[in-house]
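Down below is the structure, laid out as structure tokens.
Below, read A as the first sequence line, B as the second, and so on, with proteins coming before strands; counting in each chain starts at 1. Please read these numbers as outputs of a predicted model, since none were measured by experiment.
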Number of protein chains: 2
Amino acid sequence: MLSKTTEYAIRALVSVELNSRKGQRPGFKTIARDIDAPEQYVAKIMQTLTRFKLLKSVRGRGGGFFFTEDNQQDIFLYDVVWIMEGKTFFTRCGFGFKHCDANNPCPLHNEYEPIREAFTQLLKKETIRSLATKIEKGEAVLSRLSV
Amino acid sequence: MLSKTTEYAIRALVSVELNSRKGQRPGFKTIARDIDAPEQYVAKIMQTLTRFKLLKSVRGRGGGFFFTEDNQQDIFLYDVVWIMEGKTFFTRCGFGFKHCDANNPCPLHNEYEPIREAFTQLLKKETIRSLATKIEKGEAVLSRLSV
DNA sequence: AGTAAAAAAGACCTTAAAATCTTTTATAAT
DNA sequence: ATTATAAAAGATTTTAAGGTCTTTTTTACT
Ligand code: FES
Ligand code: FES
């Protein structure tokens with residue numbers, strides 16, 4: 001569904017949020033450990049996310065990644081997916097056509113479109129914060145050891 | 001969602017079904033033209049599908065791909081996806097964990113699982129025949145020119 | 001028997017995603 | 001100023017999906 005890169009991006013942001021709540025400002029190594037992903041790859045993803053201003057970074061001693069007042073407003077998963085996968089993600093045809101067109105539908109359209117829409121709504125509802133809160137409450141985990 | 005290869009596989013089978021209804025026994029070149037996919041790649045996919053006995057093939061003059069009495073029972077999209085993507089397809093975690101586990105859920109599980117299940121049900125309901133029928137009725141198309 | 005037609009098989013190539021390695025730039029403490 | 005720390009940037013590698021090319025095998029027609 002989502003690419004591995006997008007999944008890492010979401011998990012990374014949740015990691016920053018959880019660390020922030022503990023008064024920490026994590027670096028990419030901490031984040032990578034948190035979400036069990038390759039360090040340098042996480043570093044690249046963080047670069048993308050900061051370039052798109054989903055969060056801020058500072059270099060050097062005591063540096064790391066963090067949210068500012070600007071970002072303190074909720075980041076929807078929709079935003080992250082939009083950045084990482086592109087806007088076409090939300091309108092792809094489930095049958096492989098170049099794009100979805102209700103006026104010239106593929107044979108899956110009528111049934112696929114609502115499912116795609118449900119997923120989009122999920123991405124428009126859940127935020128980095130909401131996921132972090134579930135984890136903080138112990139209702140979910142950010143990472144799981146292999147099995 | 002589905003890989004390009006799986007999409008080709010489904011469309012190829014629908015093409016065989018439509019051709020059969022017209023009394024034809026298509027070869028991979030005809031199928032490739034029908035579904036607007038690369039000839040040799042379609043040939044490879046057809047090899048996989050025949051190996052898994054979703055349909056039969058005969059070589060040489062007058063050869064091609066066709067369904068037998070055995071296959072005349074409906075082929076569910078579920079079967080095709082199972083073959084092309086593997087059984088793990090239906091139980092993947094939307095958050096990137098190795099697998100989905102309701103007892104140790106990711107923060108998307110509660111909302112993602114029903115969506116994944118809805119898609120699985122769609123694949124268990126629709127068949128190669130049902131798609132072919134929609135196309136025959138003019139309710140949908142098998143292929144679309146670029147745009 | 002010989003030939004043409006078609007799928008099967010195997011080797012190979014291309015592209016994009018995922019991942020790694022190395023160098024540079026910014027920051028803060030000493 | 002120097003040094004340690006950390007992100008940014010750039011180049012490169014690896015892996016897997018997607019795609020192509022060539023040869024072999026099977027089949028039917030003449
Ligand atoms: S046309 Fe295929 S999903 Fe809409
Ligand atoms: S654990 Fe992630 S979807 Fe079930």
(request) Starting from the C-alpha separation in whole Å, work towards a yes-or-no answer on side chain to side chain contact (heavy atoms under 4.5 Å, CB included) for B:S15 and B:I31. (result) CA-CA 6 Å; B:S15 164; B:I31 297 170; 4.0 Å; yes
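Nucleic acid contact for B:K29: none, since no nucleic acid atom lies under 4.0 Å from a heavy atom of the residue.
For C:dA18, neither phosphate oxygen OP1 nor OP2 lies less than 4.0 angstrom from any side-chain nitrogen or oxygen of A:Y8. Close to D:dA17, at under 4.0 Å from its OP1 or OP2, lies no side-chain N or O of B:S3. Taking 4.0 angstrom as the limit, A:K44 places none of its side-chain polar atoms (N or O) nearer than this to OP1 or OP2 of D:dA7.
Counting to the nearest Å, the P atom of C:dA18 and the CE atom of A:M84 are 9 Å from each other. In this entry the distance linking CG of A:D36 with C1' of C:dA19 reads 14 Å, nearest Å. Going from atom CG of B:L55 over to atom P of C:dA7 covers 11 Å, rounded to whole Å. The separation between B:E39 atom CD and D:dT22 atom C1' is 15 Å, rounded to whole Å. Rounded to a whole Å, the CG atom of A:L49 is 14 Å from the P atom of D:dA7. In this structure, A:N19 atom CG and D:dA6 atom P are separated by 14 Å, rounded to whole Å. Atom OH in B:Y41 sits roughly 16 Å away from atom P in C:dA8 (whole-Å rounding). Atom CD in B:Q47 sits about 12 Å away from atom C1' in D:dT24, given to the nearest Å.
If you find the closest nucleotide of DNA chain C to B:V58 and to A:T6, the one lying nearer the 5' end belongs to B:V58.
In the set D:dT20, C:dA19, D:dT25, D:dT25 carries the atom at the smallest distance from any side-chain atom of B:R59. Here the nucleotide nearest the side chain of A:F28, chosen from D:dG19, D:dA7, D:dA8, is D:dA7. With D:dT20, D:dA4, C:dT20 as the choices, the nucleotide that has an atom nearest any side-chain atom of A:R61 turns out to be D:dA4. Listed nucleotides C:dA18, C:dT20, D:dA7 differ in distance to A:S57; the shortest reach to its side chain belongs to D:dA7. Side-chain atoms of B:P38 lie closest to D:dG19 of the nucleotides C:dA7, D:dA8, D:dG19.
A:Y41 and A:T5 are linked by a side-chain donor-acceptor pair at a separation below 3.5 angstrom, with hydrogens and angles left out of the test. Defined by atom type and a distance below 3.5 Å, a donor-acceptor pair is missing between the side-chain atoms of B:T6 and B:R11.
Using a 4.0 Å cut-off between charged nitrogen and carboxylate oxygen, A:E111 and B:K134 count as a salt-bridge pair.
Aromatic ring orientation, A:F90 versus A:Y78: parallel (interplanar angle below 30°, classes split at 30° and 60°).
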